[in-house]
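Residue numbers start from 1 in every chain, and the chains themselves are labelled A, B, ... in the order their sequence lines are given, proteins ahead of strands.
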Amino acid sequence: MERDLSETIALVRSSLHAFVPELILSLGILLVLLAGLLNRRRGRLTLMVFGTIVLSLVTLPHHAAPFGHTLFGGMVRSDNFSAYLRALIDVGGVLTLVMAWRDTRTTERLSEYYSLLLAVILGAHLLVMSQNLLMVFLSLEIMSLCSYVLAGFSFTRQGAEGSLKYFLFGAVASAVMLYGLSLLYGFTGTLDFSSGTFSAALQQQQTPLVFVAGLMVLAGFLYKLAAAPAHPWAPDVYEGAPMPVVAFFSVVPKLAAIGALLKFVLVLNAFGQSTFDWQAVLAVVAIITLTVGNFSALWQKNPKRLMAYSSIAQSGFLLVGVVAFLPQGMQFMLFYATVYVVMNFLVFIYLQGFENIGLETIASYQGLGRQRVWPMVFLLVGLVALTGLPPTAGFTGKLFIFSALWEAYALSGKPVLLWLLVIGLLNTVVSLFYYLRIPYFAFIKNGESPTSTNNLTFENLFGLLLVLLLLVLFFSPGLLMGWINKITFVIR
Amino acid sequence: MMFPLQHFLILAAILFSIGLMLVVVKRHAIMMLIGIELMLNAANLNLVAFNQLYPTHRDGQMFALFVIIVAVCETAVGLAIILRTYHFYQTSVPDAVAELSDKP
Amino acid sequence: MQPYLLSFLIFTPLAAALAAVFIPAGAVKTFRWLALAVSVLQVFVLVQLLATYHAGGLQHVEQQPWIVLSLGSWGVFRAEYFVGVDGLSMPLVALSVFVLLIATIASWQTTRQAKGYYILLLILNAAIIGSFVALDFLLFYLFFEFMLLPMFFLIAIWGGPRREYASIKFFLYTLLGSILILIVMIGLYISVHDPSSPGGLVHTFNLLHMADPSNIVSHAILDPHNVWRLGPLDARQWAFLLLFLGFAIKLPMVPLHTWLPDAHVEAPTPMSVLLAALLLKIGGYGLARIAMPIFPDAALYFSSFVAIMGVISIVYGSFNAMASKDLKRLIAYSSVAHMGFVLLGLAAVTPEGVNGAVYQMFSHGIISAMLFLVAGVVYDRTHDRTIAHYSGLSSRMPAYTAMVLVAFFASLGLPGFSGFIAEILVFLGAFKSASTNGLLHESLAIIATSGLVFGAAYYLWTLQRMFFGPFDLKGGIQPTQITDLTVREYIQLVPLALAALAFGVWPQPVLDIIDPFAQQFCEHVLTVGKSVTFKP
Amino acid sequence: MEPAAIMFTFFEAAAALSAVSLIFIRQVFYGALLLIVCLLSLAALYILAFAEFVAVTQILVYAGGIVVVILFGVMLTAKIGEKPLVVQHGNVFGGALAAASLLALLLYGLAEHDFTPEASAVPRAKDAVQDTGLVMMRDFVLPFELAGMLLLMALIGAAVIAARTKDKRAS
């Protein structure tokens with residue numbers, strides 16, 4: 001008993017040093033809640049949250065050993081793969097915060113708002129670190145629960161509807177996932193999916209039930225990724241939610257889910273020993289996701305819904321990096337994810353700027369290209385990057401992930417990978433249709449849009465920064481790939 | 001003594017399927033919530049039953065405990081959301097709450 | 001500064017575009033003069049370039065590492081800033097600089113949103129020249145895609161009444177083509193390694209390395225020994241086909257040409273000029289630079305197919321031109337027909353044919369620029385291009401009629417004009433192919449000659465309808481609108497007319513530049529193409 | 001049959017029957033009651049599967065907490081004084097088909113799969129509750145803390161949603 005206690009304390013203490021960012025986030029949540037009781041001014045709260053996230057970002061272990069540290073007796077692990085994704089998640093958080101600060105619509109209950117955002121970030125951190133089924137479930141749940149609330153933060157009819165749909169869909173998805181997890185536990189007798197026992201047990205028993213259980217667990221991840229067939233919630237939720245939340249949803253939970261999915265699928269695939277072709281399963285998912293996302297986006301008139309379908313399609317591109325099942329694929333996926341964060345926020349920051357002046361449909365952007373040249377030009381760069389055309393880093397990212405896929409196809413010769421390659425690239429043409437719709441209305445359609453004194457100076461400066469980042473990453477991707485290259489991907 | 005594992009698992013499968021059916025068939029948010037509870041409990045039953053196979057650790061039971069906690073949180077938030085929607089729409093039928101959709 | 005002439009050509013307009021960003025939008029004159037200054041400067045650089053160019057292989061090469069990523073066990077990802085000119089690109093670069101100057105002058109009247117217009121024009125300028133000189137596939141692709149967006153906006157904002165439809169159609173077709181090219185580009189890049197870098201696997205986008213089959217990594221997807229097949233074709237044949245389709249959309253080839261008439265009709269005059277004179281050439285250029293040298297085996301396999309598509313384009317384009325009621329549409333379809341000759345000449349893989357194909361690109365650049373300018377003259381005055389609305393213009397616009405005569409005769413291939421030289425070379429090449437390398441059947445060349453006849457028919461008929469006979473106007477056009485050429489129009493048209501004549505009478509300097517390329521191209525495609533064809 | 005086996009069969013049947021009848025029930029109120037029956041039977045099964053602490057938690061939290069909350073929800077969303085809340089059914093065929101095929105799939109999978117117990121299947125210490133506490137605070141300390149955070153956020157979230165703010169565009 002005595003020894004147990006001292007052991008526990010030693011264990012916890014040895015784990016804490018690599019767990020500082022998460023502790024800071026947790027403290028930040030509590031502090032923001034407390035501060036909300038005393039002071040409700042937007043500026044101070046924002047600054048406080050900003051400080052929390054930045055602190056969490058700078059305390060991330062940047063030279064973690066390649067094999068990382070297993071913390072809390074195998075619950076989570078801190079390695080440089082998770083550190084990179086956590087950093088990206090924090091960057092997403094900071095960008096969301098910038099948007100939230102500029103948001104003129106969400107004014108109520110700011111401290112709760114910010115603490116919920118922080119909690120999602122915390123959950124995302126834990127999800128990419130987890131190597132235990134229980135931790136996967138819990139961190140997914142904390143993200144989901146906070147997201148349900150955030151989706152309704154506009155306190156409007158649409159917000160409530162979005163919340164309800166999100167909740168019902170999410171609860172079912174997590175129940176399905178949980179059932180799958182329980183079966184996996186039954187097969188292996190352990191919750192630690194990075195352990196040798198887990199993968200050895202899975203390799204021995206390759207029955208249909210294992211496949212079903214794997215699919216069920218995937219459903220949970222796909223739901224967070226908004227990947228088909230678990231995507232229908234996204235457009236409704238995005239339309240009803242405040243703009244910063246939409247931008248946040250399209251980045252942070254996705255990054256966390258793709259990181260965890262990547263680790264998990266490798267285990268599920270038993271490192272190539274599985275009798276079931278998980279690569280093909282994911283490839284099919286990616287094909288459906290790309291196609292559904294892009295084709296549904298074609299008919300959208302509301303910029304938020306458009307971006308919802310766009311983010312579904314972009315999940316498909318992220319999945320392409322995972323499907324390659326190659327170390328390069330994962331590195332390129334990280335590159336693409338980084339670029340995605342930048343281009344996505346570039347677009348959203350302007351959509352919010354326009355929403356603030358009262359432009360809520362794409363049709364109302366008519367003539368904006370003449371009145372507000374710079375916002376539209378920067379927005380155009382963002383949309384071009386999302387389409388994946390040069391000279392933006394969006395092109396580089398797509399080039400990278402598709403070259404990894406080509407390589408995977410050359411190695412394995414599975415036809416489904418070739419289909420993914422061809423369909424993925426052809427989808428780019430489809431995506432052009434809707435991404436160009438915004439500049440089309442802004443530059444080409446003639447019309448009068450309401451003039452407002454707000455000249456979006458801040459958005460322009462911020463947008464310029466992101467645009468430059470996209471260009472720099474195109475002309476010398478080595479800057480970023482140098483870092484990503486150092487990430488050694490090991491599951492155990 | 002240990003009861004046959006298959007009994008637990010089959011019961012869990014039945015509960016899970018019924019839960020799913022409730023979610024699909026019932027046109028009321030609270031009934032759907034009940035269906036979701038059934039699905040969660042099916043998973044819990046699995047976890048507890050499987051723990052009998054691997055008695056050296058308590059992983060399954062611990063997982064089940066955490067699932068109960070999660071279920072509480074989910075129900076609380078879920079009901080709050082249902083009430084909120086009811087306040088706006090005067091109904092708890094999700095199909096009737098449909099202002100957001102792909103408009104042609 | 002000599003070694004950096006090509007970079008200077010590419011980056012001057014980009015720098016000017018950047019500078020233009022900071023000029024206030026009201027200063028319309030400044031933008032005009034800036035663009036003109038850039039074009040004139042480019043002409044000087046071009047003169048310098050030509051002066052130091054000697055017939056032969058690759059020259060003015062600049063090679064700098066651009067993206068170098070080490071990817072562990074996968075090798076190194078390397079793209080270079082690699083530019084140079086040879087017998088294929090030199091005439092096209094010269095043409096580009098020349099036509100861009102004319103187009104800049106033709107843009108003089110554009111006052112609506114001049115800032116945006118000239119910035120886009122300058123970017124387009126850089127992209128066109130860049131894609132003709134790039135020798136790295138990624139760099140080429142960058143310039144290739146970089147043309148799309150400026151062109152899209154130039155058509156969509158400054159174009160005619162149906163500009164939205166036309167611009168989107170243009171964009172989608174070309175983007176689809178570039179996606180097909182991208183697929184092959186990625187496949188090539190993972191299949192090819194750089195032999196000159198010692199130690200480790202260096203994947204490269206270098207087009208010269210790609211063209212040498214010994215640089216293909218064994219067991220890679222595009223390895224000729226690969227047994228992979230999909231349907232009736234193997235991997236290299238599919239790759240060639242995709243590249244061919246990608247470039248054929250740009251060329252354009254029937255049946256992928258439908259974007260062209262719309263884009264031409266709706267584009268403002270200077271953009272029609274650029275589109276016809278330069279952008280179409282990139283399709284032919286890509287075939288000759290990328291698709292055929294890199295996949296010579298597949299090029300030989302498909303040569304009949306390519307030639308047949310070329311002949312179909314010639315015949316179909318001519319028929320459509322004859323049926324066109326709109327002057328610009330007529331010219332657009334004549335472009336389709338003329339670009340068919342490029343396909344035919346390249347598919348023959350004989351020195352005459354290739355010389356003819358490249359010369360056709362060069363000469364069509366001059367002639368089509370002139371044709372669209374001529375069409376623009378009448379449109380500027382009346383905003384009506386319907387052929388049937390005019391009659392007997394020669395009495396009121398004698399100078400204009402003279403220019404039209406030159407343009408039409410040059411285009412229909414009258415001896416003494418550059419088009420004649422090009423087409424005769426293509427016929428010769430296609431005809432000789434049967435006896436030298438046995439690729440094409442003689443009948444193809446014979447059918448293609450019918451293109452000349454049809455060309456003569458629709459041009460002469462149009463001349464007769466619009467310019468001769470009694471003076472008459474329909475469709476509400478007032479006689480006061482009909483005035484003869486202005487000084488600026490003379491400045492645009494006369495150099496082109498002189499060029500069309502000069503290169504028709506005295507083609508030798510240009511052919512001297514092209515010929516080494518044509519010889520080397522045929523030898524490469526035939527020898528490598530036959531040696532590579534290995535089927536297990 | 002032994003008494004334990006009879007109990008086992010009884011509770012199994014109770015859980016299954018209550019779940020099945022949930023399908024046919026159209027009143028939300030009765031639905032909640034049936035859910036209680038099902039959950040309590042499950043708690044009994046947990047005891048028979050040596051998970052006493054889980055069983056206790058199940059009874060306390062579910063039967064005592066969740067179901068009451070659900071009943072609250074039923075009462076709050078039903079118009080008081082009118083006839084009891086009746087639920088319409090939709091997608092009956094699709095739902096039944098989906099559920100039946102899922103069940104068939106799971107049963108097939110379960111039949112195909114052979115669950116073998118760990119070789120050294122030695123039951124754990126007798127003092128289950130104390131043992132659970134120990135494991136909770138040692139191996140599962142991180143999930144435990146995280147669950148605390150989850151509860152806090154759920155509380156905040158529910159409060160934010162349920163609180164009546166200055167109503168914007170309420171009706």
Where the side chain of A:Trp406 meets the backbone of C:Ile183, is there a donor-acceptor pair that is under 3.5 Å apart?
yes
C:Ile67, part contacting chain A, at a heavy-atom distance under 4.5 Å:
side chain
Using non-hydrogen atoms and a 4.5 Å limit, figure out which bit of A:Leu326 sits close to chain C: side chain, backbone, both or neither.
neither
For the candidates C:Leu149, C:Leu142, C:Leu180, C:Leu242, which exhibits the highest count of non-hydrogen atom pairs separated by less than 4.5 Å from chain A?
C:Leu142
In Å and rounded to the nearest 0.5 Å, what is the CD1 to OH distance from C:Ile190 to A:Tyr409?
10.5 Å
Bottom line for C:Ile168: the part with an atom under 4.5 Å from chain A's heavy atoms is side chain
Quick check on the interface: out of C:Phe153, C:Phe144, C:Tyr189, who has the most heavy-atom pairs with chain A under 4.5 Å?
C:Phe153
Report yes if some heavy atom in the side chain of A:Phe335 is under 4.5 Å from a heavy atom in the side chain of C:Leu69; otherwise report no.
no
Side chain, backbone, both or neither of C:Leu222 within contact of chain A (heavy atoms, under 4.5 Å)
neither
Just to be sure I understand the criterion: a residue of residues 423-434 of chain A counts if one of its heavy atoms is under 4.5 Å from a heavy atom of chain C. Which ones qualify?
A:Leu425, A:Leu426, A:Thr428, A:Val429, A:Leu432, A:Phe433
Heavy-atom distances under 4.5 Å only: say whether A:Phe395 touches chain C with side chain, backbone, both or neither.
side chain
Just how far is it from atom CG of A:Leu389 to atom CG of C:Leu175, taken to the nearest 0.5 Å?
5.5 Å
Heavy atoms, side chains only, cut-off 4.5 Å: are A:Leu436 and C:Phe152 in contact?
yes
So do the side chains of C:Trp66 and A:Phe475 get within less than 4.5 Å of each other, counting heavy atoms only?
yes
Drop me the distance from A:Phe400's CZ to C:Ile186's CD1, to the nearest 0.5 angstrom.
10.5 Å
Does OH in C:Tyr81 sit with more than 12 non-hydrogen atoms of other residues, nucleotides or ligands closer than 6.0 Å?
yes
Drop me the distance from A:Gln328's CD to C:Phe77's CZ, to the nearest 0.5 angstrom.
12.5 Å
Side chain, backbone, both or neither: which part of A:Val377 has a non-hydrogen atom closer than 4.5 Å to chain C?
neither
CZ/A:Phe402 to CE/C:Met185 distance, rounded to the nearest 0.5 angstrom?
12.5 Å
Does A:Pro390 reach the side chain of C:Phe143, with side-chain heavy atoms less than 4.5 Å apart?
no
Of all of A:Gly413, A:Pro477, A:Gly478, which one pairs up most often with chain C through heavy atoms under 4.5 Å apart?
A:Pro477
